[in-house]
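Proteins come first, then strands; the chains are lettered A, B, ... in the order of their sequence lines, and each starts at number 1. As the structure is a computational prediction, the values presented were derived from the model and not from experiment. Values below: all heavy atoms of this structure, side chains included; hydrogens, waters and symmetry mates excluded.
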Amino acid sequence: QQQVKQSPQSLIVQKGGISIINCAYENTAFDYFPWYQQFPGKGPALLIAIRPDVSEKKEGRFTISFNKSAKQFSLHIMDSQPGDSATYFCAAMTDQAGTALIFGKGTTLSVSS
Amino acid sequence: GAVVSQHPSRVICKSGTSVKIECRSLDFQATTMFWYRQFPKQSLMLMATSNEGSKATYEQGVEKDKFLINHASLTLSTLTVTSAHPEDSSFYICSARTGTSRNEQFFGPGTRLTVL
């Protein structure tokens, strides 16, 4: 049973456009929702994360929107740039000690110049 | 953010040999380390969770005798792939959590294993 569902699988956006990636989760005990960016052959890097006590968090061009009642959260990349072309993973975890992140399947973003 | 290193970055070995991958937290003490495996164009799959000084907890379907994990210190965890076979070829990534940061996990750069 997949605990974190991510869509779309791939996304093509023009330079300057808005990239939107969505995730839905099932476990209401999750209380930490990060997004990771991964370039080919590299480990994932934390982009931005949110906790359920806020509905939105913004860091530069990256914004997370969180809907607790719908159990959904999304990543918005404003003014998308070719350098943003990468694979993006949403993830979730509980606050219990020793628990690991549960990852979505990933979205491959291509930003055309 | 905290830095996690992995060594080697890539390794090619013959079928039947064993390979050791090191994961180090460079500027913090990692109470918990995680090992993930990632196949091409797929997500990260958790293999095991290790806490310093105790036995690792393996995910369902991961052979503990094949993937030996040692977390001997607060800054070092090792993954040994024993009797490697071509189907073990993958990208192995470790991550670490500190004892103070509530949830944040810091990932290593990954190790590309190719078994011939």
Side-chain angles (χ1 to χ4, degrees), chain A residues 1-11 21 23 25 27 29-54 57 59 64 85-110, chain B residues 1-7 9-10 21 23-24 30-60 62 71 90-114:
Chain A
Q1 186 182 17
Q2 187 183 352
Q3 295 195 57
V4 180
K5 294 182 180 180
Q6 184 172 347
S7 63
Q9 186 175 358
S10 62
L11 182 61
I21 305 171
C23 279
Y25 64 97
N27 187 347
F30 288 150
D31 72 341
Y32 177 68
F33 304 89
W35 284 90
Y36 285 85
Q37 179 189 57
Q38 186 181 31
F39 293 103
K42 306 293 184 183
L46 178 65
L47 258 183
I48 186 171
I50 198 168
R51 300 189 190 282
D53 52 344
V54 296
K57 183 174 181 180
E59 290 183 2
I64 296 181
S85 298
T87 300
Y88 293 81
F89 294 97
C90 64
M93 69 184 298
T94 68
D95 194 25
Q96 292 178 327
T99 56
L101 288 164
I102 307 297
F103 283 88
K105 290 194 172 184
T107 297
T108 301
L109 171 64
S110 296
Chain B
V3 179
V4 175
S5 70
Q6 278 185 244
H7 177 80
S9 59
R10 59 177 62 231
I21 302 170
C23 176
R24 292 181 184 274
T31 53
T32 306
M33 286 186 168
F34 306 91
W35 286 95
Y36 293 84
R37 181 166 53 183
Q38 186 178 34
F39 291 107
K41 298 190 184 301
Q42 293 190 22
S43 188
L44 287 79
M45 298 301 298
L46 180 66
M47 298 175 67
T49 301
S50 73
N51 293 291
E52 185 265 339
S54 61
K55 289 184 178 180
T57 302
Y58 290 80
E59 294 299 300
Q60 191 173 11
V62 178
H71 192 166
S90 188
F91 194 51
Y92 292 88
I93 309 171
C94 71
S95 71
R97 280 176 66 174
T98 72
T100 54
S101 72
R102 186 176 157 193
N103 296 104
E104 195 167 357
Q105 281 186 228
F106 304 96
F107 283 82
T111 296
R112 172 73 60 194
L113 170 63
T114 302

I want to check something: taking the side chain as every heavy atom from C-beta on, are B/Q105 and A/Y36 in contact at a cut-off of under 4.5 Å?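 Counting from C-beta outward, B/Q105 and A/Y36 do come under 4.5 Å.
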Where does A/P34 contact chain B at under 4.5 Å (heavy atoms): side chain, backbone, both or neither?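 Neither; nothing under 4.5 Å.
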Tell me, side chain or backbone of A/A100 under 4.5 Å from chain B's heavy atoms, or both, or neither?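 Both parts, heavy atoms under 4.5 Å.
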B/Y36 OH to A/L101 CG distance, which is reported to the nearest 0.5 Å: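 Those atoms lie 4.5 Å apart.
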To the nearest 0.5 Å, how far apart are CZ in B/F107 and CG in A/L46?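 Here the interatomic distance stands at 9.0 Å.
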For [X] and [Y], which heavy atoms make the closest approach, and how far apart are they?
X	Y	result
B/S43	A/G104	OG-O, 2.6 Å
A/T99	B/R97	O-NH1, 2.8 Å
A/Q38	B/F91	NE2-CE2, 4.0 Å

Is it the case that over 12 heavy atoms from other parts of the model lie below 6.0 angstrom from the CD atom of A/E59?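 Yes, because the 6.0 Å sphere around CD of A/E59 holds more than 12 heavy atoms from other groups.
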B/Q38 portion near chain A, given a 4.5 angstrom heavy-atom threshold: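 Contact with chain A involves the side chain of B/Q38 alone.
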Please look at B/L46 and chain A and tell me whether the side chain, the backbone, both or neither of the residue comes under 4.5 angstrom of a heavy atom of that chain.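 Contact with chain A involves the side chain of B/L46 alone.
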Highest number of heavy-atom pairs under 4.5 Å with chain A: which of B/T111, B/T57, B/T49, B/L44?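 Among the listed options, the one with the most contacts to chain A is B/L44.
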